[in-house]
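Take a look at the structure below.
In what follows, chains carry the letters A, B, and so on, assigned in the order in which the sequence lines appear, proteins first and then strands, with residues in each chain numbered from 1. Every value quoted in this text rests on a predicted model; they were computed, and no experiment measured them.
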Protein chains: 2
Amino acid sequence: MRIVKEAAERKNEILDAAAELFAAKGYEETSTGDILDRVGIARGTLYYHFKSKEDILDALIDRVNGILIARAKEAAADRSLPVVERLIRTIMSLNVTGEAGIGHEVLEQVHKPQNALMHQKMQQTLLDGVVPVLTSLVEEGNAQGVFHVKYPRETTEMLVLYPVTVFDECFQQTPEQLANRVQAFIHNTEILLGAEEGSMAVPMATLFEQGL
Amino acid sequence: MRIVKEAAERKNEILDAAAELFAAKGYEETSTGDILDRVGIARGTLYYHFKSKEDILDALIDRVNGILIARAKEAAADRSLPVVERLIRTIMSLNVTGEAGIGHEVLEQVHKPQNALMHQKMQQTLLDGVVPVLTSLVEEGNAQGVFHVKYPRETTEMLVLYPVTVFDECFQQTPEQLANRVQAFIHNTEILLGAEEGSMAVPMATLFEQGL
DNA sequence: CTTAACCGACAGACTGTCGGTCTAAAACGA
DNA sequence: TCGTTTTAGACCGACAGTCTGTCGGTTAAG
């Protein structure tokens with residue numbers, strides 16, 4: 001008794017299954033057979049919808065990152081808030097630690113050494129998506145005179161790179177190490193942006209307390 | 001006619017072969033069979049010396065990184081030079097683009113998306129090795145009053161992270177994009193370290209011209 | 001009747017294991 | 001000192017088990 005569905009629907013079923021499995025076991029450790037079993041389809045069906053296992057990973061990353069970048073854009077767009085606040089919220093929107101919702105389990109898994117490919121791909125597309133958004137925020141701050149940044153694009157790159165790399169391994173660093181890094185990151189952000197001392201520290205600290 | 005060698009020697013032969021193959025085809029694309037053929041040994045021999053394919057990768061990375069970190073330490077230790085100069089040289093010692101010698105081909109290959117695992121492992125161990133060296137340099141600069149860094153460790157992390165991540169993909173960015181990033185990096189280094197404007201730009205520019 | 005979705009057997013490749021073999025050198029007896 | 005035995009480390013290659021991707025054929029729905 002064969003069940004036929006629309007391509008888009010099947011594709012999503014496969015992605016859902018892959019997300020759970022990658023989250024539970026990692027990308028390399030998950031076989032296409034595992035996905036087959038979970039979705040309840042045959043080998044050929046999977047390869048009818050996706051051209052390879054890696055293709056599934058790519059689609060999954062697109063999906064997760066799409067959500068992340070949408071949230072970042074949303075945070076950046078709220079023109080009722082001062083630039084500093086928006087910038088902070090945008091960066092913080094990438095911090096998904098301990099958050100429920102789509103992709104959370106995936107993101108937890110991303111950092112294990114097994115999942116280097118997943119990690120790298122996510123990081124890359126995330127950077128590509130977020131840097132432009134943040135850059136225009138920085139330029140806006142420049143125009144308002146609250147920031148003084150000579151190379152907005154590249155400075156933004158530095159600013160995003162640090163947290164996504166370093167706050168990643170949040171489970172394998174001591175709480176005080178983490179706290180140090182947070183402190184240092186805030187401080188260095190102010191310095192890099194040429195912002196007034198404390199102008200980011202205060203609102204960021206508030207957000208962090210809410211978040212953690 | 002079976003050839004017997006000392007374990008250390010065979011191990012090195014295997015690593016040499018693996019280095020060339022990983023460099024030419026990448027880690028994932030290289031099979032253990034390829035290595036077997038090149039060294040001219042049997043399957044069992046390889047697994048007598050290494051417990052898995054990944055174990056070979058780890059050993060190879062240790063070898064390459066050992067050299068890199070040794071060079072960095074050397075650059076940092078030359079107390080006849082001013083701190084600024086030593087710091088620059090230390091950072092630049094990680095830039096191996098277009099350089100001959102052991103590991104060069106490997107490092108060229110590291111950046112291809114296929115080699116995510118290799119890339120991640122190298123980056124991690126490199127960071128772990130270099131950050132302490134640079135941190136103590138920064139602290140020395142603080143003591144001399146040429147730097148003014150509140151969080152030496154974490155600032156160093158930021159400083160190393162940017163070039164190793166971004167200058168990596170040097171072949172897939174336009175020359176002007178690269179130039180921008182170099183300029184920006186130098187400028188932001190000065191800012192982050194609280195160094196005098198131009199104090200790094202001048203010596204660094206000199207070194208870059210020699211290097212490229 | 002047409003076509004998009006689906007099936008599952010199969011080819012091909014790869015990793016790691018295991019029992020057994022070889023060799024160089026140490027240990028030994030004469 | 002010289003031949004013999006023993007030992008242990010290095011080595012071999014067949015093989016089990018797993019996995020990915022393919023392909024010709026089948027089925028449901030419009």
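- Rounded to the nearest 0.5 angstrom, A:Asp128 CG and A:Gln123 CD are separated by 10.5 Å.
- Distance B:Tyr27 OH to C:dT15 C1': 10 Å, rounded to the nearest Å.
- You'll find that the side chain of A:Lys53 is closest to D:dG21, out of D:dG21, D:dC12, C:dG16.
- Heavy atoms of B:Leu46 sit nowhere under 4.0 angstrom from any nucleic acid atom.
- Positionally, the nearest nucleotide of DNA chain D for B:Gly40 lies more toward the 5' end than for the other of B:Gly40 and A:Gly33.
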(message) Working note: B:Thr155 + A:Asn188, criterion side-chain hydrogen bond (donor to acceptor under 3.5 Å, both in side chains); need CA distance, chi angles, decisive distance, verdict.
(response) CA-CA 7 Å; B:Thr155 305; A:Asn188 281 337; 3.2 Å; yes

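- Judged by distance alone, with hydrogens and angles left aside, A:Arg2 brings no side-chain donor or acceptor close enough to the base of C:dC7 to form a pair under 3.5 Å.
- B:Thr45 comes within contact range of at least one nucleobase, with a heavy-atom separation under 4.0 Å.
- Screening A:Arg63, A:Lys11, A:Arg38 for a salt bridge (Lys or Arg N to Asp or Glu O under 4.0 Å) involving A:Asp16 leaves a single residue, A:Arg63.
- The side chain of A:Thr32 places no N or O atom within less than 4.0 Å of a non-bridging phosphate oxygen (OP1 or OP2) of D:dC19.
- Distances shown here put every side-chain N or O of B:His49 at or beyond 4.0 Å from the OP1 or OP2 atom of D:dG9.
- A:Met158 contributes atom CE, which lies 10.0 Å from atom CD1 of B:Ile191 (distance to the nearest 0.5 angstrom).
- At least one side-chain nitrogen or oxygen of A:Tyr47 sits closer than 4.0 Å to the OP1 or OP2 atom of D:dG21.
- Spacing between atom CD1 of A:Ile41 and atom C1' of D:dT27 amounts to 16 Å, rounded to whole angstrom units.
- The nearest heavy atom of DNA chain C to B:Gly44 and to B:Ile3 marks one nucleotide each, and the one closer to the 5' end goes with B:Gly44.
- As a whole-Å value, the separation of A:Lys5 NZ from C:dC7 P is 11 Å.
- With contacts defined as side-chain heavy-atom distances shorter than 4.5 Å, the pair A:Arg10/A:Ile41 qualifies.
- Distance from the side chain of A:Val4 is smallest to C:dC6 among C:dC6, C:dG8, D:dC11.
- Among the heavy atoms of the strands lying under 4.0 Å from A:Ser31 are primed sugar atoms or P, OP1, OP2 only; no base atom is included.
- Whole-Å rounding puts the B:Asp37 CG to C:dC14 P distance at 10 Å.
- No more than 12 heavy atoms of other residues, nucleotides or ligands lie within 6.0 Å of CD in A:Glu176, so this atom counts as exposed by the packing criterion.
- Spacing between atom CG of B:Leu36 and atom C1' of D:dC12 amounts to 10 Å, rounded to whole angstrom units.
- Between the CD atom of A:Glu6 and the P atom of C:dC6 there is a distance of 10 Å, given to the nearest Å.
- Per the geometry, CD1 belonging to A:Ile14 stands 10 Å off P belonging to C:dC7, to the nearest Å.
- Of the candidate nucleotides D:dC11, D:dA14, C:dA5, D:dC11 has the atom nearest to the side chain of B:Arg10.
- For C:dC6, the OP1/OP2 oxygens have no side-chain nitrogen or oxygen of A:Tyr48 closer than 4.0 Å.
- Across the protein-nucleic acid pair, A:Arg43 atom CZ and C:dA5 atom C1' stand 17 Å apart, rounded to whole Å.
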